[in-house]
Amino acid sequence: MALMKVKFDLKKRVKLAQMLWLMYWFSIMAGVLVFSMGLFFKIELRKRSELMDNNESHFVPNILIGVGLLACCLNACGGKICYDSLDSTKFVKWKSILKPFLICCLFFNFLLIVTAVMCFATRIPLEFTLAEGLKNGMKYYKDTDTPGRCYMKRTLDLMQIEFRCCGNNNYKDWFEIQWVSNRYLDFSSKEVKDRISSNVDGKYLMDGVPFSCCNPSSPRPCIQQQITNNSAHYSYDHYTEELNIWKRGCRDALVSYYGGMMNTIGILVLIVTLLQIAVMIGLQYVNTSLSTLANPEDPESESEGWILEKTVKETFTDIMAKMKAMGKGNQVDEGANEETVATVS
């Protein structure tokens, strides 16, 4: 028994084809939107590629770009099929390739679902790659004269200003690295000598942060040096007072930004998937309704359309039986080849 059988006359078939043609155009625009979102996400990642520990983070936007292009191609082809289905003489040329096309659409829908899941899951690997990338980037902050690293200071400063964040996990990360170049240190100063000699690695560490960590909304002038020294500033207690530097870590800020973007794209991909499933089912109805005309020579005759010719269970059983038959056929061919080789020997 056919699954979800529907009776069609000429008027219903024409309306279905016209509606599907319109839906395919919406699907093409949705494909363009997915492509655009993938391209936008890739550009956003490239802006801060110096802060990424690897290039694997570009895998998802590349998939989105590919899926968007594939959606445009498949939907343009589907729209053409629906347009030609209005004329039975034009539709004849599509009959032989319509079944393989529907199978391709089925696999494409599966790819869309996988892509949506990847969009939602991107947050986890992105957090790890940002954690390591930001940690390394902060180490290179002072290397403004080193080729390949000279723009790291600018990149980090702009990022901290834009995302209102400071450090990797928080502002205290800057206390653990030397972020001032030796070029700007006065080695004849006792304070500089004491700080360097007190560190086992000979680095100039201090309880200060770059200017980009300062919160411009604070009424007090920014305290970015000697943050933990209460006596260095008037009426100041860093334990109780609201600091006028950003407390949020940049890793959390970036993960929230990119994660929110990917959640939005994931929802969009799921909506596109539902649209693709709808047009695939509609195209199957068009195909079956035109293949079961009571009188093939009379396009106005009635017909029946369905999603599956048999029930889901029967269809699955038939597919498994065909796969087993193909497997046995391959074994027979291999056995015949072995016998031929033995005979020749």
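As a basis for the values below, the full set of heavy atoms in this structure was taken, side chains included, without hydrogen atoms, waters or symmetry mates. Note that this is a predicted model, so its numbers are computed, not measured.
Here the side chains of F120 and M262 are not in contact, with every heavy-atom distance at 4.5 Å or above. Between D157 and P210 there is a side-chain heavy-atom pair separated by less than 4.5 Å. In this structure, the side chains of Q224 and C213 stay at 4.5 Å or more apart for every pair of heavy atoms. Here the side chains of Y171 and R248 are not in contact, with every heavy-atom distance at 4.5 Å or above. Side-chain contact check for M159 versus E162: every heavy-atom pair is 4.5 Å or farther apart. Between T264 and C119, every side-chain heavy-atom pair lies at or beyond the 4.5 Å cut-off. Contact check for I97 versus I81: no side-chain heavy atoms found under the 4.5 Å cut-off. Between V279 and L283, every side-chain heavy-atom pair lies at or beyond the 4.5 Å cut-off.
Checked by atom type and distance alone, the side chain of N244 pairs as donor or acceptor with a backbone atom of I223 at under 3.5 Å. Judged by distance alone, the side chain of H58 and the main-chain N or O of R46 form no donor-acceptor pair under 3.5 Å. Of the possible donor and acceptor atoms, none in the side chain of T129 sits under 3.5 Å from a partner among the backbone N and O of L126. Looking at D252, its side chain never comes within 3.5 Å of a backbone N or O of G249 through a donor-acceptor pair. Panel note: side chain Q178, backbone Y204; a donor-acceptor pair is recorded below 3.5 Å. Panel note: side chain Y236, backbone I227; a donor-acceptor pair is recorded below 3.5 Å. At distances below 3.5 Å, not a single donor-acceptor pair connects side-chain atoms of S218 with backbone N or O atoms of N215. Between the side chain of N168 and the backbone N or O of A131 there is at least one donor-acceptor pair closer than 3.5 Å.
Both F110 and L74 belong to a single network of hydrophobic side chains, linked directly or stepwise wherever heavy atoms of I, L, V, M, F, W or Y lie under 4.5 Å apart. Linking ILVMFWY side-chain heavy atoms closer than 4.5 Å, directly or via other members, places I65 and L112 in two distinct hydrophobic clusters. A continuous path of Ile, Leu, Val, Met, Phe, Trp and Tyr side chains, each step under 4.5 Å between heavy atoms, connects V60 with L268, placing both in one hydrophobic cluster. Hydrophobic clustering (ILVMFWY, side-chain heavy atoms < 4.5 Å, transitive): M118 and I113 are in distinct clusters.
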(Q) Using the rule given for salt bridge (Lys or Arg N to Asp or Glu O under 4.0 Å), can you reason through E44 versus K47, listing the C-alpha separation, both sets of side-chain angles and the distance that settles it, and then say yes or no? (A) CA-CA 5 Å; E44 285 295 301; K47 283 181 182 178; 2.9 Å; yes

Q | Criterion disulfide (SG to SG under 2.5 Å) on C222 and C214, from CA distance to verdict | A | CA-CA 6 Å; C222 186; C214 293; 1.9 Å; yes

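Scanning all heavy atoms of the two residues, the minimum distance from V286 to S85 falls at CG1-CB, 3.8 Å. Across all their heavy atoms, V180 and M206 have their closest contact at CG2-CE, 3.4 Å.
Side-chain contact of N62 with K42: a donor-acceptor pair under 3.5 Å is present, judged by distance alone.
Remark: of the listed residues R123, E127, R48, R48 is the sole one forming a side-chain hydrogen bond (donor to acceptor under 3.5 Å, both in side chains) with Y258. Paired with W174 under the rule ring-ring contact (aromatic ring centres under 6.0 Å, His included), one option of W246, Y141, F211 passes, and it is Y141.
Under the 2.5 Å cut-off for SG-SG separation, C250 and C165 qualify: their sulfur atoms lie closer than that.
Ring geometry for F163 against Y257 counts as perpendicular: the plane angle is over 60°, on a 0 to 90° scale with 30° as the lower cut.
With rounding to the nearest 0.5 angstrom, the OH atom of Y140 is 8.0 Å from the CE atom of M152. Residue N230 holds its CG atom at 4.5 Å from CG of D237, rounded to the nearest 0.5 Å.
Listed by chain and number, the residues in a side-chain contact (heavy atoms from CB on, under 4.5 Å) with K193 amount to none (sequence neighbours excluded).
Other residues, nucleotides and ligands contribute over 12 non-hydrogen atoms within 6.0 Å of the CZ atom of R195. Atom CZ of F107 has 12 or fewer heavy atoms from other residues, nucleotides or ligands within 6.0 Å. For CG of L274, the number of neighbouring non-hydrogen atoms (other residues, nucleotides, ligands) closer than 6.0 Å is greater than 12.
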